[in-house]
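What follows is one structure encoded as structure tokens, with my remarks underneath.
Throughout, a chain's letter reflects where its sequence line sits, starting with A, and its residues are numbered from 1.
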Number of protein chains: 2
Amino acid sequence: MSLTERPTPRLADVARAAGVSLATASRALAGREGVSARMADHVRAVAARLGYVPNAHARALASGGASIVGLVVHDVADPYFAEISRGVLRVAAEHGLLVLINQSEREPGTELARIRELRANRVGAIVLAGSGYTDAGAERQKAAELVAFRETGGRVALVGRHHVPVDAVLPDNRAGGATAARHLLELGHRRVAVVAGPARLTTVADRLEGAAAELSAAGAEVVVEHDDFSREGGAAATARVLARRPDTTALLALTDVMAIGALSVLREAGRAVPAELSVVGFDDIPVAADLAPALTTVRLPMAEMGAMALELTLRTPAARPRRKRTTHTLIPRASTAAPSHLGA
Amino acid sequence: MSLTERPTPRLADVARAAGVSLATASRALAGREGVSARMADHVRAVAARLGYVPNAHARALASGGASIVGLVVHDVADPYFAEISRGVLRVAAEHGLLVLINQSEREPGTELARIRELRANRVGAIVLAGSGYTDAGAERQKAAELVAFRETGGRVALVGRHHVPVDAVLPDNRAGGATAARHLLELGHRRVAVVAGPARLTTVADRLEGAAAELSAAGAEVVVEHDDFSREGGAAATARVLARRPDTTALLALTDVMAIGALSVLREAGRAVPAELSVVGFDDIPVAADLAPALTTVRLPMAEMGAMALELTLRTPAARPRRKRTTHTLIPRASTAAPSHLGA
DNA sequence: ACCGTAGCGGAAAGCGCTTGCGAGATGACC
DNA sequence: GGTCATCTCGCAAGCGCTTTCCGCTACGGT
């Protein structure tokens, strides 16, 4: 190998080259007081000349605690989580924090493993985004891990409803589901299908509950099809809806990503949206406005949710878990209209 | 504060509780040889009972090197980078690596700062995704930082063309640009506008060069409008194209995200796509097929690019930088057609 | 000119873990 | 039954940095 492996300069090298002690060098570089400005400048200049990069592990070990936070999402490429991540990264950058990112792949086991890795890395805080699970067993293990982390000085914030007694940002899922349903009802729809994600996710349970309550209160017929929280899942669920209840006049997809799948199936099936079938989504991901037709949806402040979660972990810990509720907004676009027999 | 801050159990606690020495406990938990299976099981059981989580910093310090890799992207919420990130995370998970993610915000200065932070954290490898800069000064600083990192034992891989002598995954930008242009030419377009990102990015330069070369060789008129690499940038550039050259028959957007902005402006302007104006994008981000109309584009294997980059860093270092070129594929969809005077 | 005070710099003790080396124990072989 | 090879385990020395505790210097006050 022609690669010359040169040892990284250490603080001691900087100190020696600058003609000062370790303590002085450390203080100078950390910008701590107790060193004259002149001296500090000198040390910094020497460090720069040597290409010194402090060893964050040594620093973390000696001072106890690194400036790293952990982020766990279901899937980074899902626009919902991408937006949340962006919010988290923005706040992290503002505070000089580094972000260790993880995907849980929507698997409770994987999620648990990721949390442990984060703990091992002594991150200062963990932001767990994505839905909780309706399975009490999985939630209990996660809760134990997270509580242990907090008890050893870590900070935790969740995005979404989990059965864990820690700070959380709660998206307005139930009310959002109700709002979406009401929109369809007001347009005159009475045969509505819900294209839902996996029943074991609390996000799905909440949105569905809000929608179903509203719809049945109005005496509408409701069918629900569960599938993956993905474009393909949305497509598959929609195909089943079409087969099972061809007279459905409106589709309520519990995420925009699923709505995208729904729209594609409807397009292929030659069912005009919204003329024959209305479609409403959830989240308002960035592309929702650019779909064909533009998607009516319930907007959640995704990036802010991520930002708020990280900010929660930065505040002084509270004795009782804090809950921050978000708002939601119906964004009416071209994908919803009155059912055709009314329009006619 | 009612939060009971309990100290994290240390390896010494586990060793004592298990009745073994530190060395044995360490080896047992690391799964290293030199410890009988019986003993190792016992130690692991005790560790689990105590809720022991090894301190990754101490481990990194003692063993020199953490199992963390750094990833720098321009913007996590941009679908292009989200896909690359997914590829990186997949490979990282397969190898038990943690990923420290960073956004450079398309700022050379920020990018540099992020690389330094990654270095400070003694990551084993850095994957730098996103375009290089045509500004030689910025590239030089980045190169210095990256080369220094490599010389001190770090591994680096880039995605995209940078003026840095390290391993890289090179997307087929130039040829892809040519392919997109040829598609338009074959349809009969002769007045083409390129909706381009910032000129200082090598990605833009390469795609544009490939397209322009092909177009001018065919004697087509070409206008280029630069703007941000975003939906809004694409919209603004398109608006300018419309004002400057109303007789343009085809738009070549250098990324799908910009194409989305272009489509929205065209829709608002009442210009039918592809009847009046054809639009072709670049990347084939997941939603490209679901736009209105479905976007013709040049597909790049984004997730694989991320995966390949990380895998490059995992291989034994080579004396000379390795370059992996990707393929590209034209994905014809509904947004392109022959210009109207031909169709008529 | 003397003493008090403040402020700066140096020595050293860890932070929690890995690991090379050597001691002790165990079994094999003659 | 003795000797040697083979394992298993423990000791102790760091990894690079922070931080406390002191001692020293250089001032200003009187």
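A salt bridge between R114(A) and E111(A) is absent, with no side-chain N of the basic residue lying under 4.0 Å from a carboxylate O of the acidic one. In summary, D167(B) and R155(B) engage in a salt bridge, as defined by a charged side-chain N under 4.0 Å from a carboxylate O.
In this structure, CE in M305(B) is found 12.0 Å from CG in L158(B), a value given to the nearest 0.5 Å. Interatomic distance, CG of L11(A) versus CG of L29(A), reported as 6.0 Å (0.5 Å rounding). Separation of atoms CD1 (I115(A)) and CG (L112(A)) is listed at 6.0 Å; rounding is to 0.5 Å.
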Side-chain donor-acceptor contacts of residues 126-135 of chain B below 3.5 Å, not counting sequence neighbours, with atom names and distances?
unit_1: S131(B); atom_1: OG; unit_2: T202(B); atom_2: N; d: 2.9
unit_1: S131(B); atom_1: OG; unit_2: T202(B); atom_2: OG1; d: 3.1
unit_1: S131(B); atom_1: OG; unit_2: T203(B); atom_2: N; d: 2.9
unit_1: S131(B); atom_1: OG; unit_2: T203(B); atom_2: OG1; d: 3.1
unit_1: Y133(B); atom_1: OH; unit_2: R106(B); atom_2: O; d: 3.4
unit_1: T134(B); atom_1: OG1; unit_2: R200(B); atom_2: O; d: 3.1
unit_1: D135(B); atom_1: OD1; unit_2: G137(B); atom_2: N; d: 2.9

Show which side-chain atoms of residues 85-97 of chain A pair as donor or acceptor with protein atoms under 3.5 Å away, not counting sequence neighbours.
unit_1: S85(A); atom_1: OG; unit_2: F81(A); atom_2: O; d: 2.7
unit_1: R86(A); atom_1: NH1; unit_2: E83(A); atom_2: OE2; d: 3.3
unit_1: R86(A); atom_1: NH2; unit_2: D75(B); atom_2: OD1; d: 3.4
unit_1: R86(A); atom_1: NH2; unit_2: D75(B); atom_2: OD2; d: 2.8
unit_1: R90(A); atom_1: NE; unit_2: E94(A); atom_2: OE2; d: 3.3

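Among residues two or more places apart in sequence or in another chain, the side-chain hydrogen bond (donor to acceptor under 3.5 Å, both in side chains) test is passed with H74(A) by S104(A). With sequence neighbours left out, R116(A) forms a salt bridge (charged side-chain N to carboxylate O under 4.0 Å, His left out) with E145(A). Every residue two or more places apart in sequence or in another chain was checked for a ring pair (Phe, Tyr, Trp, His ring centres under 6.0 Å) with F149(A), and none qualifies. Applying the salt bridge (charged side-chain N to carboxylate O under 4.0 Å, His left out) rule to R122(B) yields no partners; only residues at least two apart in sequence or on another chain are considered.
Legend: salt bridge (Lys or Arg N to Asp or Glu O under 4.0 Å) pairs involving residues 42-66 of chain B, not counting sequence neighbours, sorted by first then second residue: D41(B)-R44(B). Within the structure, the salt bridge (Lys or Arg N to Asp or Glu O under 4.0 Å) test picks out the following pairs touching residues 15-25 of chain A (sequence neighbours left out): D13(A)-R16(A).
The footprint of chain B on DNA chain D, defined by a heavy-atom cutoff below 4.0 Å, extends from dT8(D) to dG16(D).
The nearest heavy atom of DNA chain D to R122(B) and to S36(B) marks one nucleotide each, and the one closer to the 5' end goes with S36(B).
Residues of residues 16-30 of chain B that place a heavy atom closer than 4.0 Å to DNA chain D, in numerical order, are V20(B), S21(B), A23(B), T24(B), R27(B).
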Every protein N/O within reach of nucleotides 22-25 of chain C N/O, cut-off under 3.5 Å:
none

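Side-chain nitrogen and oxygen atoms of R10(B) include none within less than 4.0 Å of the OP1 or OP2 phosphate oxygen of dC17(C).
At whole-Å resolution of the value, NE2 in H42(A) and P in dC8(C) are 17 Å apart.
One end of the helix from dA1(C)-dT30(D) to dC30(C)-dG1(D) points its axis 30° away from the other end's axis, with each axis taken from 5 pairs and the angle rounded to 10°.
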